[in-house]
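One structure below.
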Amino acid sequence: MDEQAALALIGDRLPAAGDDCAVVDGQVITTDMLHERTDFPDGTTRYTAGWRAVGASLSDVASMGAEATAAVAVYAAPQFDGDELLAFVDGAVDVCEAVGAEYVGGDLDGHEEFTVATTALGDTEDPVLRSGASPGEVVCVTGTLGRSAAALRLFERGDNEAANDLFRFEPRVRAGVALRSYATAMLDSSDGLARSVHQLCAASDCGAALEPPLPIDERVDAVATDDGDRRELGVFFGEDFELVCTVPERDLAAAREAVPCPLQRVGTVTDDGVTLDGETLPDRGYSH
């Protein structure tokens, strides 16, 4: 059973699940787990690991249009190195401060592989779900796509300083709060643009027609081997933690003005099917 099948199975048992966060009495809550072998390439610093792990959960809070309030983490490793542990905490503290939240601690545990489990909390009385998109609305993406894919290539080349820099991202909490007044559906792009759009369309019972040019980060061009590789890294790789949302056409200009980062239109909501430049877009992306 792969990750998508497992999620579907859980969804049958927990019908309220399905968005990036659970919503409980005006709060949103989310949890994530990251492992050294799958999430932290050789060369990833513990500071970057702390930033990225906690940032991943804060990105889920952002996708609900919520104000981030706090985060905790479980830090597990074969042995505890003081410098590494403090570097991790510094990264966790700094990413929280970057979005107006507070890192308030967590737990330590021994484990055969460096592993992090994070939880983040946020506040909103009006969360943005994945299920509100309607045909005729526009599909938008914050920021740029493919940064994590480019970072992985840089790690493989041994350019660890540049790779760590790309691996640290600012969760789009402020953008999510700004979009709360305009977005009809929203989620983060941790699974990649293609899969994220498929997930949004499945939740909203609609389709989407995406159109180039997509906001693929210029640093992808420096590592991609050809146009096909560039598309793969920008559209399917994932782990960029940008926001994918739908907005009524009449509100697009106001949304762009309100959001404190680039917000690019990448397509239109349709009745069914997901396409890119007129061709069927596979439901494929990052898988744990």
Side-chain angles (χ1 to χ4, degrees), residues 14 16-35 39-40 44-77 80 82 84-109 111 114-130 142-143 148 167-181 183 186-191 239-245 258-261 288:
L14 301 173
D19 285 285
D20 287 5
C21 292
V23 181
V24 183
D25 295 333
Q27 280 196 318
V28 299
I29 181 170
T30 184
T31 189
D32 295 280
M33 182 178 288
L34 288 79
H35 302 278
D39 299 291
F40 303 123
T44 305
T45 67
R46 281 295 195 265
Y47 178 85
T48 295
W51 180 293
R52 188 170 177 83
V54 174
S57 290
L58 292 170
S59 180
D60 286 337
V61 171
S63 74
M64 306 296 289
E67 298 271 7
T69 55
V72 296
V74 177
Y75 179 106
F80 297 130
E84 290 182 346
L85 179 58
L86 290 177
F88 176 90
V89 171
D90 286 343
V93 168
D94 287 350
V95 72
C96 284
E97 290 182 348
V99 299
E102 184 178 5
Y103 183 69
V104 293
D107 191 22
L108 298 173
D109 197 3
H111 196 277
F114 173 51
T115 299
V116 182
T118 59
T119 297
L121 300 170
D123 289 334
T124 179
E125 295 293 337
D126 188 24
V128 184
L129 308 181
R130 299 180 179 185
T142 60
S148 289
F167 236 31
R168 295 190 297 270
F169 62 94
E170 181 175 332
R172 298 299 190 185
V173 172
R174 292 181 178 87
V177 171
L179 283 166
R180 190 169 63 207
S181 299
M186 190 158 59
L187 73 168
D188 86 345
S189 66
S190 57
D191 290 338
E239 294 288 275
D240 287 318
F241 303 103
E242 295 292 350
L243 300 179
V244 179
C245 65
V259 172
C261 66
H288 296 85

Inset, instruction - Show the numbers, then the answer: is there a side chain to side chain contact (heavy atoms under 4.5 Å, CB included) between L179 and V128? - result: CA-CA 9 Å; L179 283 166; V128 184; over 6 Å; no
Inset, instruction - Any chance you could measure D25, atom CG, to E125, atom CD, to the nearest 0.5 Å? - result: 9.0 Å
Legend entry - Matching residue for F40 among F114, W51, Y47 - test: ring-ring contact (aromatic ring centres under 6.0 Å, His included): F114
Inset, instruction - State, to 0.1 Å, how close F169 and V95 come at their nearest heavy-atom pair, and which atoms those are. - result: O-CG2, 4.2 Å
Inset, instruction - For the residue pair L85 and L108, establish whether any side-chain heavy-atom pair is separated by less than 4.5 Å. - result: yes
Legend entry - Over all atoms of both residues, closest heavy-atom pair of A175 and C261: CB-SG, 4.0 Å
Legend entry - Working for side chain to side chain contact (heavy atoms under 4.5 Å, CB included), residues V28 and T30: CA-CA 7 Å; V28 299; T30 184; over 6 Å; no
Legend entry - G143 to R172 - nearest heavy-atom pair and separation: CA-NH2, 3.6 Å
Legend entry - Side-chain heavy atoms of T119 within contact of S57, under 4.5 Å: no
Inset, instruction - Taking the side chain as every heavy atom from C-beta outward, state whether Y75 and V89 have any atom pair closer than 4.5 Å. - result: no
Legend entry - Contact check, side chains of V54 and C96, non-hydrogen atoms, under 4.5 Å: yes
Inset, instruction - Report yes if the side chains of R52 and D39 come closer than 4.5 Å at any heavy-atom pair, otherwise no. - result: no
Legend entry - Pair L129-M64, side chain to side chain contact (heavy atoms under 4.5 Å, CB included): steps then yes or no: CA-CA 6 Å; L129 308 181; M64 306 296 289; 3.8 Å; yes
Inset, instruction - Please name the pair of heavy atoms, one in A68 and one in V61, separated by the smallest distance, quoted to 0.1 Å. - result: CA-CG1, 3.9 Å
Legend entry - Heavy-atom donor-acceptor pair, T31 side chain to T118 backbone, under 3.5 Å: yes
Legend entry - Any R174 side-chain heavy atom under 4.5 Å of V177 side chain: no
Legend entry - Flag, side chain of R46 to backbone of E84, donor-acceptor distance under 3.5 Å: no
Inset, instruction - Please confirm whether the backbone N or O of A49 pairs with a side-chain atom of T44, one donor and one acceptor, at under 3.5 Å? - result: no
Legend entry - Shortest non-hydrogen separation from S63 to D188 and the atoms involved: CB-N, 3.5 Å
Inset, instruction - Flag the pair F241 / S189 as yes when at least one side-chain heavy-atom distance between them is below 4.5 Å, and no otherwise. - result: no
Inset, instruction - Output yes when R130 and D20 qualify as a salt bridge under the 4.0 Å nitrogen-oxygen rule, no when they do not. - result: yes
Legend entry - Q27 and T124, any side-chain heavy atoms less than 4.5 Å apart: no
Inset, instruction - Give the minimum heavy-atom separation between H111 and A76, together with the two atoms involved. - result: CB-CB, 3.6 Å
Legend entry - Distance, nearest 0.5 Å, that separates OH of Y103 from CZ of F88: 5.0 Å
Legend entry - Side-chain donor/acceptor of T69 to backbone N/O of L121, under 3.5 Å: yes
